[in-house]
Structures are given as structure tokens and as C-alpha cells.
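Note sheet for the following structure.
Chain letters run A, B, ... following the sequence lines, proteins first, then strands; residues in each count from 1. Side chains included, hydrogens not; waters and symmetry mates left out as well; all remaining heavy atoms used.
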Amino acid sequence: MGAGYQIAGSMTAMGETPDSKYGIEELCPVCGDKVSGYHYGLLTCESCKGFFKRTVQNKKVYTCVAERSCHIDKTQRKRCPFCRFQKCLEVGMKLEAVRADRMRGGRNKFGPMYKRDRARKLQLMRQRQLAAQTLRGGVASDMYPNQPGTSPFANIHIKQEIQIPQVSSLTSSPDSSPSPIAVAVALGQVNSTLNQPASNQQPALQIVGIPSGGSGGGGGGGGGHSSMVVNNQDNKLWAQANSTTTSPHSLSPKVFQFETVVPAGGGGTVPSSSKVSPLIRDFVAAIDDREWHNSLYTLLQNQTYNQCEVDLFELMCKVLDQNLFSQVDWARNSIFFKDLKVDDQMKLLQHSWSDMLVLDHMHQRMHNNLPDETTLHNGQKLDLLNLGLLGVPSLADHFNDITVKLQDLKFDVSDYICIKFMLLLNPDVRGITNRKHVLEGYEQVQQALLEYTVTCYPQIQDKFHKLQQLLPEIHSVAVRGEEHLYHKHCNGSAPTQTLLMEMLHAKRK
DNA sequence: CATCAAGGCCAT
DNA sequence: ATGGCCTTGATG
């Protein structure tokens, strides 16, 4: 996807590896120049390394005299530092890797990541060589005798950790083909194009709550929401996170904390897991809200770092876009859905994405104390609730209304994930080729949720049907949000070339 | 002891 | 301000 992400040298005559050690020669994802090693999170050239360091260390603030979308390449990289730095962030260079204390030498927490990335690339290269050998009629096993995991098609789905554009993967590639239906791209290649910050690393922000807490009656969502703070320019605050790093004084603003304490005590105790069906247990176990928060954090930080003022609507679209990517990523790894053909997957997603976004926001707000507002690094306030409303402030009442009803029903994480599945696996979507499978999945989840509500919440009369009755309400919020976004888009005031807009368009066809 | 990513230096 | 080359120092 990204512009400079090429592997060369592996296809030369004898399968030799010309210069670089691993036979991997890549171009700097920022400017396309020759890569000199891993710098601040990924392989970049020497000059972009230096540029990134200077910018972050000296807290430089650039402005773009054009449209903030200057093309960056080797010859023009000096012309617009603003866009160059933007691109650095977009491709995933890590602010945290610049040390506030300027300590030299040593290693940081990205070391292991670099190592894994090397291994991944090496394997990719081997696969290519193997494939080339096979094509030429050579005997593959001569070169790589039966090593498990080195078959040509093994490990195609290795999760890529670095070198991935964050959100604007679709917007930032300068010379990519016009618009290869973003959904299909996302579905087909999420592994190589999409990567929310790796989940395995220590998350930049810790979410205390574990997704399982019943939303005890306590005033979780409704009342005074805390604000999370992305803002800080003080060294004192830097020291907060990152204790594993060699140099704990990362230069990036680190403080970004939700006061995330899932209402563990209180009225609603977690239903004992023995009663819960394995299906639901697996669903819940697969939820990764840390990653969700992490990517939100990274995006907000990257988008506002080093900028005086950002277009908040545009920022919101970017966040929604990112959320959408995570939806797709979640879906394509989910039971039932993953067995479908891409065409069917696309149809289901096109039909349910906005509902799922709204539902997800309710979940984040109710179960993870996502605040309604946050202060960005540059001091601007971002209305996070607006994300759940898909940009329509007037939907707030309706949204809160639904939230209250959900709270009354003691809507918990299991309910949430089942409903999400039911939204996704909608057997009524037209044109599904494998409707049977979709219906099967839908009914299994439905059944599981029914049993769950009956066994775990006997005190709530008819919880299952009451939950189901809320679906049209969620849908109406989603529909109005979609319309709003679509109008904004037609005005030209929404970012183009995003998965979000692709989704909006797909439905109108 | 070799590696290699981070910071520093300095001619341009 | 840029970018090529140098020094540093934790890691394995």
C-alpha cells in the first residue's frame, strides 16, 4: 500500500541477495530515499530520521503554504517541512522514540518490534524465493527442507507491526491506483495495510477495566464525564508511562488517561462465567478495547502534535475512519463472518458499519468510561460524544435516551458483543450468496444471547427482547449520522478517499 | 564483543 | 535547516 514499501533484490538471477544483509531493500516510506535502518519505529532514510529528531526535539511548528497535502519525495522533501512531518507521523514514526533526556546509545522498547519485523521480512523473502523456485520448476525442498512454517503460503497472515500508515493509508499513498474499493482492500489486505498500534506492546495508556463488568447501576455513563487530557508540555509529565524503556523520558506527550475504572463493585456483579456459554465467553475474550483506546490515543496525538489548530470535523472523520478499520479488522477475524466470501463480507459490512460504530461508542462510554470530551495536545477541545453521534449534535438526546434504556437493562459487555454480531450477521441483507451461513451465525448468537440474559439476568423481565427492541433505535441514530456525513461529504467538507466515505458511497449505489 | 538505534557533529 | 557520518551504550 504505502508508497515506498518494496522488496527488491530477491528476484535476481540466482536468487542472490545483492547488497543488503537480508536481501531486503526498502525505500523510506516518507520520501522514498534509501533506508539506513530502523529509526523511531520503522525503516527510514537517514535524512528523515534526522528531520524527525530535530522536529520533535526542538518542538518545531511548521505551517504549510499550500493545502497540507504536499507530495513528499526525495527531491522535494525540503520544500514543505509541515507535510513532511505529517507524513512521518502518518507512516508511523514514533514520537515516543525521541528521548527527552537525549540519552545516547542503548535500546528502547521498540527493539523487540524491530526484531520481529526483520524476521517477518525475512520470511516474506523466503516465501518469494520459494515461489520463484517453484515457478522455475526447481525443487523447492532442496533449499528449505521441510521447515515447518516456511511453506510458500504459510504465515501469510502475520500481523504487521510497523511500517504501516495509521489511518490515511488510503489518502497518503501518492501514486496508488485511484480507488480500489477501500472496503475490499481493507478486507483483503488488512494484514498488510492496516495495523492499529500493536497490541502486544505495553499500551501507551492503561485501561484498568476489563471488559466483562456488568454495567452496575452506578452512574457510569450519564453523569459528569471526566475529561481525558492529551495535553502536556512538561517534562514532569513525560516520565509517567514507559517504565520499561531504557530512556523513560520520551519526548512525546504521554499523559492521556481515561479514568477507566469499570464499575466493578456496585450493583451489577459479573455473571459467573460458568453460566455463560462458550460462544459468548470467546466473544468477550476477543474484545480488545485497549487496542481501541490505543489507536484513538495515537491518532489524536499524531493529528494534533505540532499543530496550532486542526479542523475538528476532519479529525472526527479520521477517528471514525480508524474505528471503521478496526470494525473491519474485528469482523474479518470473527467466527461465522470470516468464512464468507469477500463479496458477502462487503455487503454485510456496508449494511452494518454505522450501527456498529454507534453501538461501539455506547459500549466504550458505558463500559470503559470513555469521556465525552477531550483536550487535544494543542489545547483544542474535541467532543468525543460527537463520534457516537456520527457528527450530529442534535442526536445527543436520542443517544442518551438509548444509553439510559441500556443501563436500565444492565447492558453488559456480553450483551454488547452479541448485539454487535447480530448487527453484522444480518441475514436480511440483500444479495448475500451464502445467506444460510449468515443466518446460522445470526441464530446461534441470538440463541446464546437469549440464554445468557435468561440465566444471568433473571431479575430483568424479558431483557432479550427489550434489547432487541433497541436495535431500530440505534439504527435510526446511525442512519441520520450517515446522512449527515454524506451531506458534508457532498459539500466537500469531509475528507475524501477514506474508508468512511467509501462506505457512505457504497450504500447509495 | 558485536550489534544497531539513538543522539551529536559539522560541512553544506 | 539539512543530511551524511560519527559516537554512545544497552542488549544478547
Using atom NE2 of A/H39 as one end and atom C1' of C/dC6 as the other, report the distance to the nearest whole Å. 14 Å
Integer-rounded Å distance: C/dT7 P and A/R99 CZ: 18 Å
Does a side-chain N or O of A/Y114 approach OP1 or OP2 of B/dA6 to a distance below 4.0 Å, or not? yes
Of all residues at least two apart in sequence or in a different chain, which pass the side chain to side chain donor-acceptor pair (under 3.5 Å) check with A/S69? none
Could you pull out all residues at least two apart from A/H361 that satisfy side chain to side chain donor-acceptor pair (under 3.5 Å)? none
Residue-phosphate contact under 4.0 Å: A/Q57 side-chain N/O, B/dA6 OP1/OP2: no
Please report, rounded to the nearest Å, how far the C1' atom of B/dT3 is from the CG atom of A/N108. 14 Å
Sidechain N-carboxylate O distance under 4.0 Å for A/E46, A/K49: yes
Show your reasoning for whether salt bridge (Lys or Arg N to Asp or Glu O under 4.0 Å) applies to A/D321 and A/K318. CA-CA 5 Å; A/D321 200 49; A/K318 284 180 179 168; over 6 Å; no
Could you go through nucleotides 2-5 of chain C and list every protein N or O atom that sits under 3.5 Å from one of its N or O atoms, giving the distance for each pair?
unit_1	atom_1	unit_2	atom_2	d
C/dT2	OP2	A/R54	NH2	3.3
C/dT2	O5'	A/R54	NH2	3.4
C/dG3	OP1	A/R77	NE	2.7
C/dG3	OP1	A/R77	NH2	3.2
C/dG3	OP2	A/R84	NH1	3.0
C/dG3	OP2	A/R84	NH2	3.1
C/dG3	N7	A/R54	NH1	2.8
C/dC5	N4	A/E46	OE2	2.7

Rounding to an integer number of Å, can you tell me how far A/K109 NZ sits from C/dT11 P? 15 Å
Applying salt bridge (charged side-chain N to carboxylate O under 4.0 Å, His left out), which residue pairs with at least one partner in residues 72-81 of chain A are found, sequence neighbours left out? A/D33-A/K74, A/D33-A/R77
Take atom CZ of A/R104 and atom P of B/dG7, then tell me their distance rounded to the nearest Å. 10 Å
Check whether any side-chain nitrogen or oxygen of A/Y40 sits under 4.0 Å from OP1 or OP2 of B/dC4, and answer yes or no. no
When rounded to whole Å, the CG to P distance for the pair A/L43 and B/dA5 reads 8 Å
Tell me every residue that passes side chain to side chain donor-acceptor pair (under 3.5 Å) with A/S352, counting only those two or more places apart in sequence or in another chain. none
Separation of B/dA5 P from A/R102 CZ (nearest whole Å): 21 Å
For A/Q86, which residues count as a side chain to side chain donor-acceptor pair (under 3.5 Å) partner, sequence neighbours excluded? A/Q307
Rounded to whole Å, how long is the line connecting atom CE of A/M113 with atom P of B/dC4? 16 Å
